[in-house]
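Structure first, then comments.
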Amino acid sequence: MTTKEKPHILLVDGMALLFRSFFATAPMGQFFPNAAGIPTNGIQGFARHTMTAVSLFKPTHLAVCWDMGAHTFRNDLFDGYKANRPAPAPELLPQFDMARNFTELVGWKSYGVPQMEADDLIGSFVENWSVKADITIVSGDKDLLQLLRPNVRIAFTKKGYNVYDLFTDQRFEEEYGIQPKQFIDKKAFTGDASDGYPGVRGIGPKTALKLIKEYESVEGVLQALHELTPAMRKKIETDLDMLHLSRQLAEINCSLEMNDPIEDLLIPVYDERLRERIEQEGYSMVVKQADALFSVR
């Protein structure tokens, strides 16, 4: 890449790919243990996903973002945040550290900040870099839709390693009829069952979208309460505190300083030396996929 070319950064939601890969094979009892007997199905799937995304989207730079433990600042705001999620399976537990170790092994820049979720790191990357670079985000998390901008797109995992549902800001506006930032206000009303916060009880996605289209934001709706039906007004007034809290929980924190020199994010070339390092760790499926993608042999 010459200095005149605009960087293209691939931001990978590491935890999303790790979980997806683990649960794609775990129900069949396929854990692919290494020589030490430790399961590798999640880590190998994560690596294969990331390598395939590099091959498909052809970024110049790469950063992998991780959650760092179950407790985040959102748990301090609301005790019930993600409290409904089961503990990770024992076969998955060792793979968290293994996945981060793999990123170091192959030279992918990796980020994790205590108390923050991967979403917050990705959002902060977008805030820091979206003017200076094109960005493609790879994840399965629809919360990230709020980050869409003219040169930021999101590739949602869909099927296998190479089928993605690609969202741009233009597609989002066509499908939802609102701006990406307003997705936060929509979620304030609907809540998020998977994250364990309810929003306003009795208001579903269609009604929430209609309210945001008409009144633009949570504050806009509250200023126009007198225009709503008595039943709708009562729902909102009953859950007013939760409405405000749900908006806080839904908004991605984009204020972290994710501004390392762009050179730190360069993607290493997959060559014989890198191939050998991966093979020595016993990740045979990763080697096989990388060989096919990058034609080393």
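Numbers here are sequence positions counted from 1. Reckoned from all heavy atoms, side chains included, excluding hydrogens, waters and symmetry mates. This one's a predicted model, so the numbers in the text were calculated from it and none came from an experiment.
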* Flag the pair R149 and E127 as a salt bridge only when some basic side-chain nitrogen lies within less than 4.0 angstrom of an acidic carboxylate oxygen. => yes

* **Note: K158-D165 ion pair, threshold 4.0 Å (strictly below)** => no

* To do: Answer yes when K210 and E214 have at least one side-chain N-carboxylate O distance shorter than 4.0 Å, and no when they do not.
  => no

* N151 side chain to S130 backbone, donor-acceptor under 3.5 Å -> yes

* Asked: Hey, are the side chains of P268 and W108 touching, using non-hydrogen atoms and a 4.5 Å cut-off?
  -> yes

* Might you work through the side chain to side chain contact (heavy atoms under 4.5 Å, CB included) test for I203 and D239, ending with a clear yes or no? => CA-CA 11 Å; I203 292 185; D239 278 336; over 6 Å; no

* Euclidean distance, L166 CG relative to T136 OG1, rounded to 0.5 Å -> 7.0 Å

* Asked: Between P59 and A53, what is the shortest heavy-atom contact and its length?
  -> CD-O, 4.3 Å

* To do: Might you work through the side chain to side chain contact (heavy atoms under 4.5 Å, CB included) test for F31 and T25, ending with a clear yes or no?
  => CA-CA 7 Å; F31 297 109; T25 52; 6.0 Å; no

* To do: Check the pair R153 / T168 against side chain to side chain donor-acceptor pair (under 3.5 Å), numbers first and verdict last.
  => CA-CA 5 Å; R153 60 182 181 169; T168 61; over 6 Å; no

* Is atom CD of E173 surrounded by more than 12 heavy atoms (other residues, nucleotides or ligands) closer than 6.0 Å? -> yes

* Asked: Would I278 end up clustered with M285 when hydrophobic side chains under 4.5 Å apart are linked, directly or stepwise?
  -> no

* Structure fact -> dist I135:CD1 -> L148:CG (nearest 0.5 Å) comes out at 11.0 Å

* **Beyond-backbone contact of T157 with Y164, side-chain heavy atoms, under 4.5 angstrom** => yes

* Salt-bridge present (R100, D97; N to O < 4.0 Å) -> yes

* **Between N41 and Q95, a side-chain donor and acceptor under 3.5 Å** => yes

* To do: State, with a plain yes or no, whether a side-chain heavy atom of L228 is found less than 4.5 Å away from one of L211.
  => yes

* Taking C-beta and beyond as the side chain, do Y197 and K187 meet within less than 4.5 Å on heavy atoms? -> yes

* Do other residues, nucleotides or ligands put more than 12 heavy atoms under 6.0 Å from E257 CD? -> no

* To do: Give a yes or no on this: more than 12 heavy atoms of other residues, nucleotides or ligands lie within 6.0 Å of atom CD of E91.
  => yes

* **Heavy-atom pair with the smallest gap, counting every atom of L92 and P88** => CD2-CB, 4.3 Å

* Validation row: S246, V200 side chains within 4.5 angstrom (heavy atoms) -> no

* Counting heavy atoms not belonging to D76, are there more than 12 under 6.0 Å from its CG? -> yes

* To do: Please step through side chain to side chain contact (heavy atoms under 4.5 Å, CB included) for the pair R275 and V287, ending with a clear verdict.
  => CA-CA 6 Å; R275 183 186 193 277; V287 169; 3.5 Å; yes

* **Candidate list L18, V54, V138, L17, test side-chain contact (heavy atoms from CB on, under 4.5 Å), partner H49, passing option** => L17

* Salt bridge check: are R247 and E251 linked by an N-O gap of less than 4.0 Å? -> yes

* **K132 atom NZ, neighbour heavy-atom count above 12 within 6.0 Å** => yes

* For residues K186 and L209, report the shortest heavy-atom separation together with the two atoms involved. => CD-CD1, 3.9 Å

* Asked: So, the side chain of W129 versus the backbone of I262: is there a donor-acceptor pair under 3.5 Å, distance only?
  -> no

* For residues H244 and L222, determine if any side-chain heavy atom of one lies less than 4.5 Å from a side-chain heavy atom of the other. => yes

* Structure fact -> In Y283, Y161, W66, the residue satisfying ring-ring contact (aromatic ring centres under 6.0 Å, His included) with F46 is W66

* Does the distance from a Lys or Arg side-chain N to an Asp or Glu carboxylate O, for D119 and R74, drop under 4.0 Å? -> no

* To do: Taking N75 for its side chain and Y81 for its backbone only, find out whether a donor-acceptor pair lies under 3.5 Å.
  => yes

* Could you pull out the closest heavy-atom pair between Q44 and S284, with the gap in Å? => OE1-N, 3.6 Å

* At their closest point, which heavy atom of R20 faces which heavy atom of K159, and how far apart are they? -> NH2-N, 3.6 Å

* L245 CG to L249 CG distance, which is reported to the nearest 0.5 Å -> 4.5 Å

* Asked: Is it true that the side chains of E227 and Y215 contain a donor and an acceptor less than 3.5 Å apart?
  -> yes

* Structure fact -> Heavy atoms of M232 and T207 approach each other most closely as CE-CG2, 3.3 Å

* Side-chain heavy atoms of Y111 within contact of L256, under 4.5 Å -> no

* Asked: More than 12 foreign heavy atoms under 6.0 Å from CG of D79: is that the case here?
  -> no

* Would you kindly confirm whether I122 and M68 end up in one hydrophobic cluster when ILVMFWY residues are joined by side chain heavy atoms under 4.5 Å apart? => no

* What about F32 and L93, same hydrophobic cluster or not, with Ile/Leu/Val/Met/Phe/Trp/Tyr joined at side-chain heavy-atom distances under 4.5 Å? -> no

* **M51 backbone acceptor or donor facing S55 side chain under 3.5 Å** => no

* Side chains of I137 and V126 in contact at under 4.5 Å (non-hydrogen atoms) -> yes

* What's the verdict on side chain to side chain contact (heavy atoms under 4.5 Å, CB included) for T60 and E5, showing C-alpha distance, side-chain angles and the deciding distance? -> CA-CA 10 Å; T60 56; E5 288 178 353; 5.6 Å; no

* For the side chain of N34 and the backbone of T40, is there at least one donor-acceptor N/O pair under 3.5 Å apart? -> no

* Shared ILVMFWY cluster between I178 and I184, side chains joined below 4.5 angstrom? -> no

* Is the side chain of D120 donor-acceptor paired with the backbone N or O of E117 at a distance under 3.5 Å, no angle test? -> yes

* Evaluate the ring planes of F167 and Y176, with Trp represented by its six-membered ring, and classify them as parallel (under 30°), tilted (30 to 60°) or perpendicular (over 60°). => tilted

* **Aromatic plane relationship, Y270 with F294 - under 30° parallel, 30 to 60° tilted, over 60° perpendicular** => tilted

